[in-house]
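One structure is given here, and the rest of the page talks about it.
Residue numbers start from 1 in every chain, and the chains themselves are labelled A, B, ... in the order their sequence lines are given, proteins ahead of strands. All heavy atoms count here, side chains included; hydrogens, waters and symmetry mates do not. Just so you know, these numbers come straight off a predicted model, no measurement behind them.
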2 protein chains.
Amino acid sequence: MPEDSEQQTRDAIMKAAFNAVAMNGYSQVSITDITEEFGKSRSLLYYHYDSKDDILVSLLEYVLIELMAELENESTETAREELELLLEKLLPSSNDASEREMYAVILELRVQAVTNESFREQFTAVDQQLFERIDDIVQRGIENGEFQPVDSNLVCEHIFASLNGAHMNKLTTSRDGITERTKASLYDYLNHRLYRGDENT
Amino acid sequence: MPEDSEQQTRDAIMKAAFNAVAMNGYSQVSITDITEEFGKSRSLLYYHYDSKDDILVSLLEYVLIELMAELENESTETAREELELLLEKLLPSSNDASEREMYAVILELRVQAVTNESFREQFTAVDQQLFERIDDIVQRGIENGEFQPVDSNLVCEHIFASLNGAHMNKLTTSRDGITERTKASLYDYLNHRLYRGDENT
DNA sequence: GTCTATATTCTGATAGAC
DNA sequence: GTCTATCAGAATATAGAC
């Protein structure tokens, strides 16, 4: 099923917009910046999209779809494996620059949700999906006895906040070893609050 | 010690810039917006500040100083009291609009740190201070036997990430009861990981 | 210190040729 | 579909009067 060329061009524009935002941040990005990343003419953007706003709203959809695709389920033996696989994707320890770019762009877009209702709706929906995804895993773990019988909502909410906070810390400060430390602290939490085995200290 | 009038004007401009960012977000704010909040002429801004950039960088300092002032120590009997007093300030449950504005503006500014080195330096320094503040309390609690003998760094890192994530969730999504739920999940964590008393479930 | 007026550059967007 | 040329308006910033 080959993509038609209209869709290819639109994708290329999305990639250009992504790079432009990654480079200078949402607050600085202009149509000219996107054009330069795109490599074609400025007016061509307007042939494929209605306005700058249209491009940026489309970028949000594009990025969120890409994110959710990366988080697709893989079948695992245990709930714990599934949870840790998901967390590893959501909080990659690698210093992979493209992973960082991805989460940086999402953060830039996310903050627009503070003052932009349509952005907020999209993030609300994605968070809801992600929350349910984690909740399913935790409940599965509780039911089959892998996990302690915790209040799943409470634990998921906490995992969720930790993840968002971890990205924030990683992307907006330069404290040493912040990624690894935040991650270790999340696993420490899971060890004590969720997993079985009396390794409590 | 009455402030001189130069400082008063600069403060008024800072408040105007704060309101302008709170209203439309960092990415949309213009000198004209700030002028309208300020109520005087546009060029007066340039008499007191060098440039738009200068105003925004100064706003960051202004807001961070205000934040740190709000978190000033109060003497408490127990470490737990001190910790919870601090967390209450950092994560107010009230739906106070001005508290929300404050954290919204900080978030807007914080995300600029992704692509702006001087912003990142400032947030790194503030986070470092705040981290040490929490770390002191936790260590005090451990030493006097109030808290469990945890790895203080690990626990503080986790509290820290949860706080940032809580603000993010609150400000960029509309999930129901998100503030209370995130907060409850943090206290659940403290109950099980830090406080003594065998209320483990 | 504060204003009005203006210079200048940049922005988003369109028209029209190919 | 893609380009060049161009518009109208908004942006930051400055000059100069009071």
In chain order, what residues pass the side-chain contact (heavy atoms from CB on, under 4.5 Å) check against A:E66, with sequence neighbours excluded?
A:Y62, A:M102
How many Å lie between CG on A:L45 and P on D:dC3, as a whole number?
10 Å
Quick one: which residue pairs count as a ring pair (Phe, Tyr, Trp, His ring centres under 6.0 Å) with a foot in residues 98-129 of chain A, not counting sequence neighbours?
A:Y103-A:H167
B:E117: partners by salt bridge (charged side-chain N to carboxylate O under 4.0 Å, His left out), with sequence neighbours left out:
B:R120
Non-neighbouring partners of B:E143 that pass side-chain contact (heavy atoms from CB on, under 4.5 Å), sequence neighbours left out:
B:Q139
Can you list everything that forms a side chain to side chain donor-acceptor pair (under 3.5 Å) with A:S94? Sequence neighbours excluded, please.
none
Listing time: all N or O pairs from protein to nucleotides 4-11 of chain C that are below 3.5 Å?
from	atom 1	to	atom 2	distance (Å)
C:dT4	O4	B:S43	OG	2.8

Find the distance A:K40:NZ to D:dG1:P and express it as a whole number of Å.
11 Å
Note: contacts of residues 111-120 of chain A with DNA chain D (heavy atom, under 4.0 Å) are none
Quick one: B:I34 CD1 to D:dT12 P, roughly how many Å, whole number?
8 Å
By ring-ring contact (aromatic ring centres under 6.0 Å, His included) - contacts of A:F160 (at least two apart):
none
Flag for B:E121-A:S174: side-chain donor and acceptor within less than 3.5 Å:
no
Atom CD of B:E36 and atom P of D:dA10 are separated, to the nearest Å, by 12 Å
Write down the distance between OH (A:Y47) and P (C:dA17), rounded to a whole number of angstrom.
17 Å
Which nucleotide, D:dA13, C:dA13, C:dG1, lies nearest any side-chain atom of A:Y46?
C:dA13
Please report, rounded to the nearest Å, how far the C1' atom of C:dG1 is from the CD1 atom of B:I13.
11 Å
How would you list, by chain and number, every residue that makes a salt bridge (charged side-chain N to carboxylate O under 4.0 Å, His left out) with B:R42, sequence neighbours excluded?
none
